[in-house]
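When reading the values below, keep in mind they use all heavy atoms of this one structure, side chains included, and skip hydrogens, waters and symmetry mates. The chains referred to below are lettered A, B, ... by the order of the sequence lines, with proteins before strands, and numbering in each begins at 1.
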2 protein chains.
Amino acid sequence: MPEKTIYNRLAVLRAERGLSRQDLASGLGVNYQTVGYLERGEYSPSLELAFRISDFFRLPIEAIFSREPFRPFSEALYPEETRNTQ
Amino acid sequence: MPEKTIYNRLAVLRAERGLSRQDLASGLGVNYQTVGYLERGEYSPSLELAFRISDFFRLPIEAIFSREPFRPFSEALYPEETRNTQ
DNA sequence: ACATTTTGTTGTACATGTACTATATTCCAT
DNA sequence: ATGGAATATAGTACATGTACAACAAAATGT
């Protein structure tokens, strides 16, 4: 594992779209194992691949990759304070 | 040289700030030769390094790196049509 | 319960990113 | 014109990203 981990939302983004790793891999033009490595954070992609991923999901790189762990989309969209407690 | 080139504005950004490659390299925590390689586009950085560069210049990755060649800042800021012709 | 698909693991191989050393060249100041 | 700084070039070495194959484990649908 690399010293400086980069977190990503690949698994979630992929799940939201109901894609298998193989699906995503084909869309990106990489081996399906590579998607696995990335999702598990075993290494971070090249900048080139990061751009392809960004294009694929139509999201800026910063929305997909970060040095800080991501908060769940759900949490970000429905903040703590606004949640129904019952 | 890598197949898929990624263009960047490193040289310009560095020039704007009056930094030597060594200065920038120290700021980024890389070898000064590495900055040279990047500026010349001989290879593109790891995503990790791209994030460090993004932090250093306080710009999004997309403002510094692109698959398409960049138009000069000057041109982008002062579009063709608005230029004085005399 | 079974078959199929999806995901994880291990191992090998190769390409690319980064560091480092050394030397050459270009660019400024003075 | 000389010297020092900045940049370019070349070579070696090592780390990390990516592909590929084989197999195990888990999840899913019927």
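One N or O on the side chain of B:Asn8 and one on the backbone of B:Leu38 form a donor-acceptor pair closer than 3.5 Å.
Taking atom CG on A:Leu10 and atom P on C:dT7, their separation rounds to 13 Å, with Å as the unit. For the pair B:Tyr43 OH and C:dA19 C1', the interatomic distance rounds to 9 Å; values are reported in whole Å. Atom CD of A:Gln22 and atom P of C:dT4 are 18 Å apart (whole Å). Atom CZ of B:Arg40 is separated from atom C1' of C:dT18 by 13 Å (rounded to the nearest Å). Atom-to-atom, CG of B:Leu19 to P of D:dT7 comes out at 10 Å; the value is rounded to the nearest Å. Rounded to an integer number of Å, the gap from CD of A:Glu42 to P of C:dT9 is 7 Å. Atom-to-atom, CG of A:Leu47 to P of D:dT16 comes out at 18 Å; the value is rounded to the nearest Å. With rounding to whole Å, A:Leu49 atom CG is found 18 Å from D:dT16 atom P.
Side-chain contact between A:Tyr43 and B:Leu47 is absent, with no heavy-atom pair separated by less than 4.5 Å. Counting heavy atoms from C-beta on, the side chains of B:Leu13 and B:Leu59 come closer than 4.5 Å.
Counting only heavy atoms from C-beta on, B:Leu38 has its side chain closest to C:dT18 among D:dT18, C:dT6, C:dT18. Relative to the side chain of B:Ser44, the nucleotides C:dG17, D:dG17, D:dA19 differ in distance, and C:dG17 lies closest.
Listed pair A:Ser46 / D:dG17 fails the phosphate criterion, with no side-chain N or O lying under 4.0 Å from OP1 or OP2. Between B:Arg52 and C:dT18, a side-chain N or O to OP1/OP2 separation shorter than 4.0 Å is absent. B:Arg14 has no side-chain polar atom (N or O) that falls below the 4.0 Å cut-off from OP1 or OP2 of D:dA6.
Going from atom CZ of A:Arg9 over to atom CZ of A:Arg14 covers 16.0 Å, rounded to the nearest 0.5 Å. A distance of 5.5 Å separates CZ in A:Arg67 from CD in B:Glu48, rounded to the nearest 0.5 Å.
Near DNA chain D, meaning a heavy atom under 4.0 Å away, there are no residues from residues 58-70 of chain B.
The two atoms that bring B:Phe51 and A:Phe65 nearest to each other are CZ-O, 3.3 Å, heavy atoms only.
Looking at B:Arg17 and B:Asp23, no side-chain N of the basic residue comes within less than 4.0 Å of a carboxylate O on the acidic one, giving no salt bridge.
Residues A:Phe70 and A:Tyr7 place their aromatic rings such that the two centres sit no closer than 6.0 Å.
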Please list, for nucleotides 20-22 of chain C, all pairs of protein and nucleotide N/O atoms separated by less than 3.5 Å.
{"residue": "C:dT21", "atom": "O4", "partner": "B:Gln33", "partner atom": "NE2", "Å": "2.5"}
{"residue": "C:dA22", "atom": "N6", "partner": "B:Gln33", "partner atom": "NE2", "Å": "3.1"}

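Under the side chain to side chain donor-acceptor pair (under 3.5 Å) criterion, B:Glu62 pairs with no residue at all, not counting sequence neighbours.
Two residues, B:Ser20 and A:Val30, neighbour DNA chain D, and the one matched to the more 5' nucleotide by heavy-atom proximity is B:Ser20.
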